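Reckoned from all heavy atoms, side chains included, excluding hydrogens, waters and symmetry mates. For clarity, every value in this text was computed on a predicted model and none was experimentally measured.
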Amino acid sequence: MKRVMFTGYAPVHFVCFKPLFDALTQDPDVEMVVSGGLRSTGADGVRSHDTAALYSPFNLPPRAVIDVADLGDVDVDILFCANTKPIKPRSYSMSVEMFHGLSFRNRAVRTEQDLYDRYFVLGPYQERRLLQRDVLHLGDTRGVRVGFPKTDQLLDGTLDRQATLAELGLTGERPIVLYAPTGARQNSLETFGEELIKSMAGSGEYDFIVKPHDHPKASINWVERLAPLENEHLRVLRAADAMPALHACDLLISDASSIANEYLLLDRPLVYLDVPELLAAAANEDDRLDLDTWGRKGGVVAGDVHSAQQAIAAGLSDPQAQSDIRRAIAADLFYNPGRATGVALQWLRDEVRLTA
């Protein structure tokens, strides 16, 4: 029997792996376990991880969850991660990085990534960036062209839009707008996003869903802060997996989050709230910020509440306006859209001799 482990420190990390977890759990010759935990930093600067808090939303079998404190006694065959620096058990035969998204900031493309035996590459664009930073090399068999299993559900017919909206208490009679900002400092929610939410809540035109980032850099609990704004037509999304809401919405508002790229797979209108301070900080840090290749070309950039309202109205009135560029970007960002999980499972069968 093969023992396969996943570790991470944020809900989105496990959301990225969950399609594989669900598939591999069905294999009698595979034992699936998870560890890591929600990450926090104490007053003394020491980081800790709460394993139960990370995995409790997913209702996993208790035997599958191994507390991070016990990892020093754990041996596995394959370790999967979706973050840069792996949270490791005592031993493993192979480690696989599958990433938890790709934005034009390219935060996951860094030399520190050279810690893994294999990389589930999201798409041609990311592959080029990994080559440029010498994480991978030409002909490097460590790079596996899988795509992004998390996004399969956007395209494979498994999601039910009306069921998703019903769970949120929305009818779908109004256009559905989802706002999902990044978690970096100076993100749009920290600048004028909150003002936009308040204006949308009282607009009388839309059903509005807000998905705060699940591990923001600033110590603000946005779910608690925004909850008082909820009304019949405004919801704060608390689910760990944003894909059902993303699938259900007619237009997405973001800023520099990787969710904007994932939304391109649906070829629907996209509005970027401008975040000049965030972009300046990224540009000053190193050369990974890339606004030139694709950047925000798949949507409309809005610099204030009024221009955002105009962009939302325009996008919904003509949803095909930027379809050609959206499709071109999605084709460059993602291998195997809608079937990445199957590609990953086939690779595991062929290369690691898993029978799933």
Side-chain angles (χ1 to χ4, degrees), residues 2 4-8 10 12-27 30 32 34 76-84 86 92-103 106-110 113-133 135-159 241-243 246 258-259 261-266 294 329-356:
K2 297 282 188 179
V4 178
M5 169 173 276
F6 171 84
T7 64
V12 68
H13 296 162
F14 184 68
V15 168
C16 294
F17 181 71
K18 191 173 183 298
L20 287 176
F21 180 93
D22 291 342
L24 293 172
T25 299
Q26 304 304 311
D27 187 339
V30 176
M32 285 300 315
V34 300
V76 302
D77 296 289
I78 307 174
L79 172 66
F80 278 93
C81 301
N83 56 298
T84 305
Y92 50 89
S93 300
M94 176 184 290
S95 59
V96 180
E97 160 68 288
M98 58 187 306
F99 303 99
H100 67 272
L102 175 66
S103 77
N106 288 296
R107 308 319 293 166
V109 180
R110 46 181 146 172
Q113 287 286 10
D114 197 16
L115 300 170
Y116 292 91
D117 300 308
R118 297 290 187 276
Y119 299 85
F120 280 6
V121 182
L122 302 188
Y125 172 82
Q126 187 187 52
E127 185 168 339
R128 295 195 302 272
R129 299 293 291 189
L130 291 169
L131 289 168
Q132 289 167 8
R133 297 195 74 85
V135 177
L136 295 177
H137 309 285
L138 286 175
D140 198 331
T141 58
R142 293 178 302 154
V144 186
R145 295 175 174 176
V146 168
F148 204 11
K150 181 182 84 165
T151 63
D152 284 353
Q153 58 187 312
L154 295 176
L155 301 172
D156 65 9
T158 57
L159 291 176
D241 187 359
M243 291 299 101
L246 196 68
S258 60
I259 198 171
N261 285 336
E262 294 154 24
Y263 193 60
L264 293 168
L265 288 165
L266 293 171
W294 297 119
I329 298 171
D332 196 30
L333 295 184
F334 297 104
Y335 290 126
N336 306 305
R339 57 187 189 89
T341 302
V343 172
L345 291 172
Q346 187 61 54
W347 178 82
L348 287 166
R349 294 185 194 105
D350 295 342
E351 300 297 323
V352 192
R353 303 298 184 234
L354 292 189
T355 59

Could you tell me if the side chain of [Y] sits less than 4.5 Å from the side chain of [X], heavy atoms only?
X: Phe148; Y: Cys16; answer: yes
X: Leu130; Y: Asp140; answer: no
X: Met98; Y: Leu20; answer: yes
X: Leu24; Y: Leu345; answer: yes
X: Leu115; Y: Ser95; answer: no
X: Phe6; Y: Phe21; answer: no
X: Leu122; Y: Leu333; answer: no
X: Val352; Y: Trp347; answer: yes

Just verifying a value: how many Å separate [X] [atom1] and [Y] [atom2], rounded to the nearest 0.5 Å?
X: Thr7; Y: His13; atom1: OG1; atom2: NE2; result: 10.0 Å
X: Leu265; Y: Leu154; atom1: CG; atom2: CG; result: 6.5 Å
X: Phe334; Y: Ile329; atom1: CZ; atom2: CD1; result: 10.5 Å
X: Gln126; Y: Asp332; atom1: CD; atom2: CG; result: 11.0 Å
X: Ile259; Y: Thr151; atom1: CD1; atom2: OG1; result: 11.5 Å

Legend entry - With Gln346 via side chain to side chain donor-acceptor pair (under 3.5 Å) - residues at least two apart: Arg349, Asp350
Inset, instruction - Using side chain to side chain donor-acceptor pair (under 3.5 Å) as the criterion, list what pairs up with Tyr335, not counting sequence neighbours. - result: Glu127, Arg145
Of all heavy-atom pairs between [X] and [Y], which one has the smallest distance, and what is that distance?
X: Gly8; Y: Asn83; value: CA-OD1, 3.9 Å
X: Ser103; Y: Asn261; value: CA-ND2, 3.6 Å
X: Leu155; Y: Gly338; value: CD1-N, 3.8 Å
X: Gly101; Y: Ser258; value: CA-OG, 3.7 Å
X: Val144; Y: Arg118; value: CG2-CD, 4.4 Å
X: Pro86; Y: Leu79; value: CB-CD2, 4.3 Å

Legend entry - Test: Lys150 and Glu262 ion pair at under 4.0 Å: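 Counted as a salt bridge, because a side-chain N and a carboxylate O are separated by less than 4.0 Å.
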Inset, instruction - Give a yes or no answer on whether the side chain of Asp77 reaches the backbone of Ser93 with a donor-acceptor pair at less than 3.5 Å. - result: no
Inset, instruction - Taking His100 for its side chain and Ala82 for its backbone only, find out whether a donor-acceptor pair lies under 3.5 Å. - result: yes
Inset, instruction - I would like to know whether Val4 and Val76 meet side-chain contact (heavy atoms from CB on, under 4.5 Å); could you show each step before the answer? - result: CA-CA 6 Å; Val4 178; Val76 302; over 6 Å; no
Inset, instruction - Tell me, with the steps shown, if Gln153 and Asp241 meet side-chain contact (heavy atoms from CB on, under 4.5 Å). - result: CA-CA 11 Å; Gln153 58 187 312; Asp241 187 359; 3.1 Å; yes
Inset, instruction - Mind telling me whether Phe17 and Phe14 have parallel, tilted or perpendicular rings, with 30° and 60° as the class edges? - result: tilted
Inset, instruction - May I ask you to check whether Phe120 and Phe80 place their ring centers less than 6.0 Å from one another? - result: yes
